[in-house]
Enquirer: 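Have a look at this one before I ask anything.
Positions are given from 1 along the sequence. Order of appearance sets the numbers: ligands from 1, and atoms from 1 within every ligand.
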Amino acid sequence: MFSKNKTLGEFIIENQTEFRFSTGELSKLINAIRLAAKVVNHEVNKAGLVDILGTAGDTNIQGENQQKLDVLANEKFIQTLKNREIVCGIASEEEDDFISINSLDENHQNKYVVLIDPLDGSSNIDVNVSVGTIFSIYRRITPVGTPVTLEDFLQPGKNQVAAGYIIYGTSTMLVYTTGHGVNGFTLNPAIGTFYLSHPNMQFPETGKIYSVNEGNYIHFPQGVKDYIKYCQKEEGDRPYTSRYIGSLVSDFHRNMIKGGIYMYPKSSKAQKGKLRLLYECNPMAFLAEQANGKASDGHQRIMELQPTELHERVPFFCGSKKMVEKAEEFMAGS
Ligand SMILES: O=P(O)(O)OC[C@H]1O[C@](O)(COP(=O)(O)O)[C@@H](O)[C@@H]1O
Ligand SMILES: [Mg+2]
Ligand SMILES: [Mg+2]
């Protein structure tokens with residue numbers, strides 16, 4: 001099977017022409033992410049054998065206990081991007097502030113910034129449940145050759161030039177978009193090559209799966225409670241099935257293939273929900289929209305939101321278009 005499928009490397013080069021005046025810089029950047037993904041995949045696969053399970057002993061700026069694999073994945077992605085001098089700035093869930101990278105070659109100044117969630121689904125690392133990495137790429141808005149500023153990162157999601165995720169699951173896949181549809185590539189671990197296995201991925205218009213942490217039910221807004229009740233009601237094509245892995249990447253991936261909705265609403269415990277706008281919600285929203293799905297904060301399109309802080313959180317509703325619209329109806333109603 002694999003011999004006739006396009007490799008990710010071939011796909012990247014072939015699609016470089018999508019961009020007029022392409023310099024190949026974005027292709028090099030996606031290639032660097034491909035490399036870092038393989039390095040992290042190798043670490044994830046041997047997690048039970050080496051000392052990378054459990055907590056690292058520190059907390060990140062969000063007060064979360066960093067897992068050893070959070071720290072390791074963060075290091076590997078930053079190192080790989082820095083070494084290749086392919087970006088002018090990086091922001092990460094595991095770094096308090098953004099990292100500015102000045103190119104040594106002053107004649108060649110980079111124009112892209114990258115935002116990453118190096119390890120998504122951290123609570124699943126120690127229990128061998130699928131986890132992921134999420135990335136989002138923007139063209140800087142400050143002049144090339146000057147130090148990057150916070151402004152270069154606080155851009156609305158609609159300005160993204162590319163976004164994607166890596167899922168370390170039963171197989172390892174890299175799924176991404178550059179604004180021309182969503183394509184998925186599966187890693188053949190025997191030869192370390194990603195092959196196009198899921199061309200032109202599309203969310204079904206509707207589905208029968210809802211993904212939400214129902215343990216927070218009593219703290220949810222009335223609109224969310226009503227929508228969950230709607231999903232559970234014996235009527236028409238319902239009840240829907242509840243599936244919640246607890247890794248955004250994995251829940252999103254399943255729902256994109258099968259049809260479904262993922263929700264991390266605000267609650268009386270978390271006024272803005274849990275997920276981070278810049279390196280979780282924006283990239284997944286870009287992918288969802290490119291795959292005929294939808295993403296909002298329950299009211300407004302995620303990609304229109306103007307970020308104000310690097311690690312800000314927003315409520316997140318994402319998935320099959322008709323299901324997100326229905327949830328928004330309930331939110332509007334309440
Ligand atoms: O355990 P909870 O509160 O349901 O949260 C699970 C959600 O939190 C996350 O783990 C947050 O991501 P990180 O693991 O990158 O911090 C999502 O992947 C997941 O959907
Ligand atoms: Mg995450
Ligand atoms: Mg994370």
Enquirer: Could you list the atoms of ligand 1 found under 4.0 angstrom from a heavy atom of D117?
Expert: 15 (O)
Enquirer: Have a look at K294 and tell me which of E205, E328, E289 forms a salt bridge (charged side-chain N to carboxylate O under 4.0 Å, His left out) with it.
Expert: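 Per the salt bridge (charged side-chain N to carboxylate O under 4.0 Å, His left out) rule, the option paired with K294 is E328, out of E205, E328, E289.
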Enquirer: Check contact between Q62 and ligand 1, using heavy atoms of the residue and a distance below 4.0 angstrom.
Expert: no
Enquirer: Applying ring pair (Phe, Tyr, Trp, His ring centres under 6.0 Å), which residue pairs with at least one partner in residues 293-327 are found, sequence neighbours left out?
Expert: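 Checked against ring pair (Phe, Tyr, Trp, His ring centres under 6.0 Å) - neighbours excluded - the pairs reaching residues 293-327 are Y279-H311.
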Enquirer: Applying a 4.0 Å heavy-atom criterion (strictly less than), which segment of M263 is in contact with ligand 1: side chain, backbone, both, or neither?
Expert: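 It is neither; nothing of M263 touches ligand 1.
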Enquirer: Is the Lys NZ or Arg CZ of K229 less than 6.0 Å from the centre of Y240's six-membered ring, within 45° of the axis?
Expert: no
Enquirer: Relative to the heavy atoms of S247, which atoms of ligand 1 are at a distance of less than 4.0 Å?
Expert: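 Counting from 1, the qualifying ligand atoms are 18 (O), 20 (O).
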Enquirer: Apply side chain to side chain donor-acceptor pair (under 3.5 Å) to S268 and list each qualifying residue two or more places apart in sequence or on a separate chain.
Expert: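 So S268 forms a side chain to side chain donor-acceptor pair (under 3.5 Å) with H219.
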Enquirer: Are the charged groups of R238 and E235 less than 4.0 angstrom apart, N to O?
Expert: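 Looking at E235 together with R238, the answer is yes, because their closest N to O distance falls below 4.0 Å.
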Enquirer: Quick one: nearest non-hydrogen protein atom to atom 19 (C) of ligand 1, plus distance?
Expert: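 Looking at atom 19 (C) of ligand 1, the protein heavy atom closest to it is G246 O, 3.3 Å.
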Enquirer: Does S136 reach the main-chain N or O of P283 with its side chain, forming a donor-acceptor pair under 3.5 Å?
Expert: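 Flag not set: sc S136 to bb P283 has no pair under 3.5 Å.
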Enquirer: In a check of side-chain contact (heavy atoms from CB on, under 4.5 Å) between E94 and each of I116, N74, I78, which one passes?
Expert: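 Only one of I116, N74, I78 forms a side-chain contact (heavy atoms from CB on, under 4.5 Å) with E94, namely N74.
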Enquirer: Less than 4.0 Å between a side-chain N and a carboxylate O, is that true for K82 and E85?
Expert: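 No.
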Enquirer: Flag the pair K272 and E312 as a salt bridge only when some basic side-chain nitrogen lies within less than 4.0 angstrom of an acidic carboxylate oxygen.
Expert: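 E312 and K272: not salt-bridged.
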Enquirer: Could you list which atoms of ligand 1 come closer than 4.0 Å to a heavy atom of E280?
Expert: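 Reading through ligand 1 atom by atom, the close ones are 11 (C), 12 (O), 13 (P), 15 (O).
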Enquirer: What residues, two or more places apart in sequence or in another chain, satisfy salt bridge (Lys or Arg N to Asp or Glu O under 4.0 Å) together with D51?
Expert: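 In terms of salt bridge (Lys or Arg N to Asp or Glu O under 4.0 Å), with neighbours along the sequence ignored, D51 is linked to K68.
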Enquirer: Show me which atoms of ligand 1 lie under 4.0 Å from any heavy atom of L248.
Expert: 17 (C), 18 (O), 19 (C), 20 (O)
Enquirer: If the cut-off is 4.0 Å to any non-hydrogen atom of E93, which atoms of ligand 1 fall inside it?
Expert: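 Counting atoms of ligand 1 from 1, those under 4.0 Å from E93 are 13 (P), 15 (O), 16 (O).
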Enquirer: Anything under 30° is parallel, anything over 60° is perpendicular, the rest tilted; go ahead and classify Y227 against Y230.
Expert: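 The rings of Y227 and Y230 lie parallel, inter-plane angle below 30°.
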Enquirer: Less than 4.0 angstrom from a charged side-chain N to a carboxylate O is my criterion; do K6 and E10 meet it?
Expert: no
Enquirer: Of the choices Y262, F316, Y244, which has the non-hydrogen atom that lies closest to atom 6 (C) of ligand 1?
Expert: Y244
Enquirer: Around the Mg ion (ligand 3), how many protein N/O/S atoms fall inside 2.8 Å?
Expert: 3
Enquirer: Within ligand 1, which atoms have a heavy atom of N213 less than 4.0 Å away?
Expert: 2 (P), 3 (O), 4 (O)
Enquirer: Measure the distances from the heavy atoms of S123 to every atom of ligand 1 and state whether one is below 4.0 angstrom.
Expert: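 It does not; every heavy atom stays at 4.0 Å or beyond.
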Enquirer: Among N292, N183, T177, V182, find the residue that satisfies the side-chain contact (heavy atoms from CB on, under 4.5 Å) test when tested with M201.
Expert: V182
Enquirer: May I ask you to identify the nearest protein heavy atom to atom 5 (O) of ligand 1, giving residue, atom name and distance to one decimal place in Å?
Expert: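 Ranked first by proximity to atom 5 (O) of ligand 1 is K274 NZ, 2.9 Å.
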Enquirer: What is the closest protein heavy atom to atom 3 (O) of ligand 1, and at what distance does it sit?
Expert: Y264 OH, 2.6 Å
Enquirer: Is V249 in polar range of ligand 1, meaning some N or O pair under 3.5 Å apart?
Expert: no
Enquirer: Counting heavy atoms only, which part of N216 comes closer than 4.0 Å to ligand 1: side chain, backbone, both or neither?
Expert: neither
